[in-house]
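The block underneath contains the structure these notes are about, expressed in structure tokens.
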Amino acid sequence: MRGGASSRSSSVTRASRVPRSFTIAPRGPFSLAAASSFGFGQRDASPDDDVMRLAFAVDGFREHAGVIVRQIDDGVVHCEVEGAGELEAVRRQVERVLSLDHDGEAWLEVGRRDPVIGRLQQEHPGQRPGLFYSPYEAAVWSVISSRRPQRQAARVRQRVSEELGASFELAGERLAAFPLPDRLLEQGPIPGLPPEKVDRLHGIARAALAGELDPDLLRSLGPEGAAEEVRKLRGIGPFYSELIAVRAIGFADALPANEPRVLAYASHFYGVAPLGPDGLRELAEQWRPFRTWAIVLLRLAGDRAGLVA
């Protein structure tokens, strides 16, 4: 792959030297530090750093962007953008990735109705779900990571990003973005991936270029319709289609009810007998319209508490 670096990649990197910026005023509590400690979507962040670095294919797949994210004293999120991406499109995507396109005050209302969620909100202040950069990148990760250790999959993704994507210098560190779909389609064999997985990645790239993975389109279908749509991709089964729907499109009120870890953690925190999917659905009625956020909070709190599913 080393000989195949495209002119698009290098031109994006050169354009990235002209910084632009925007701000986002969160509605309700938001903590960038909490977001930095939440693993998601191949972003680069550390809870020991006051900066989050993002590098991604901008929705529409014409260019990449690199973003330096900071939160200033009044809670406003300040973003410095590098790359050729249209600024408003980048802003909307960052809002989605950090779940800043939802009202955090309304989320606190769920905690006032439900003491368990309220306590976890207090223990994890300003925590919101972090999403993959896009359904395209979530589908790609689903194929790369399937049936292999996560660290090994991350190395493959990193290598593909560095050799076929675009790289940005962001707050003193270099971060590579995953290639645009048309660039991915140009690539034949990919070291570390069997031919079948490469074929599946090409199918995802073609679907992205055809507009079938547009986040606004998928959101318009609702959680179940979006999951059904992405299941049409070869290599994306029920588990990964749910992952994409919940963690890439930005549904606040989807309910993944079949994950054993979520069921076990909900049983633990609510002090009830082991829950099945139907029991979780009944319990989750009081979390509307933020059932996804409640599930994410339970999952995060359980993992950090060292609970065993």
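Residue indices begin at 1 and follow the sequence shown. Everything numeric in this text was worked out from a predicted model, so none of it was measured.
Using a 4.0 Å cut-off between a side-chain N of Lys or Arg and a carboxylate O of Asp or Glu, Glu109 and Arg112 qualify as a salt bridge. A salt bridge does not link Arg92 with Asp216: every distance from a Lys NZ or Arg NE/NH1/NH2 to an Asp or Glu carboxylate oxygen is 4.0 Å or more. Under 4.0 Å is where a charged nitrogen must lie from a carboxylate oxygen, and between Arg119 and Glu123 at least one such pair does. No salt bridge links Arg62 with Glu86; every basic N to acidic carboxylate O contact stays at or beyond 4.0 Å. Salt-bridge formation is detected for the pair Arg157/Glu137: a Lys NZ or Arg NE/NH1/NH2 atom is positioned less than 4.0 Å from an Asp or Glu carboxylate oxygen.
Counting non-hydrogen atoms of other residues, nucleotides and ligands closer than 6.0 Å to CG of Asp73 gives a total of 12 or fewer. The neighbour count for Glu224 CD, taken as heavy atoms of other residues, nucleotides or ligands under 6.0 Å away, does not exceed 12. Atom CD of Glu285 has more than 12 heavy atoms from other residues, nucleotides or ligands within 6.0 Å.
The side-chain contact (heavy atoms from CB on, under 4.5 Å) with Ser241 is formed by just one residue from the set Glu228, Lys232, Arg231; it is Arg231.
To the nearest 0.5 Å, the span separating CZ on Arg151 from CD on Gln158 amounts to 14.5 Å. Between the CG atom of Leu300 and the NE2 atom of His124 there is a distance of 5.5 Å, given to the nearest 0.5 Å.
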Show the numbers, then the answer: is there a side-chain contact (heavy atoms from CB on, under 4.5 Å) between Leu100 and Val94? CA-CA 8 Å; Leu100 289 170; Val94 171; 5.5 Å; no
Applying side-chain contact (heavy atoms from CB on, under 4.5 Å), run through Trp287 and Leu297 and close with a yes or a no. CA-CA 12 Å; Trp287 304 338; Leu297 185 60; over 6 Å; no
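Here the closest non-hydrogen pair linking Ala57 and Phe178 is CB-O, 4.4 Å. Closest non-hydrogen pair, Ser145 versus Ala153, comes out as CA-CB, 3.6 Å. Nearest heavy-atom pair, Ser146 versus Lys197, reported as atom, atom and distance to 0.1 Å: O-NZ, 2.6 Å. For Phe132 against Val97, the heavy-atom pair with the smallest separation is O-CG2, 3.8 Å. Nearest heavy-atom pair, Pro26 versus Val76, reported as atom, atom and distance to 0.1 Å: CD-CA, 4.1 Å. Taking every heavy atom of both residues into account, Val156 and Pro191 meet most closely at CG1-O, 4.4 Å.
Side-chain contact between Val230 and Leu213 is present, with at least one heavy-atom pair separated by less than 4.5 Å.
Side-chain polar atoms of Tyr136 and Asp59 form no donor-acceptor pair below 3.5 angstrom.
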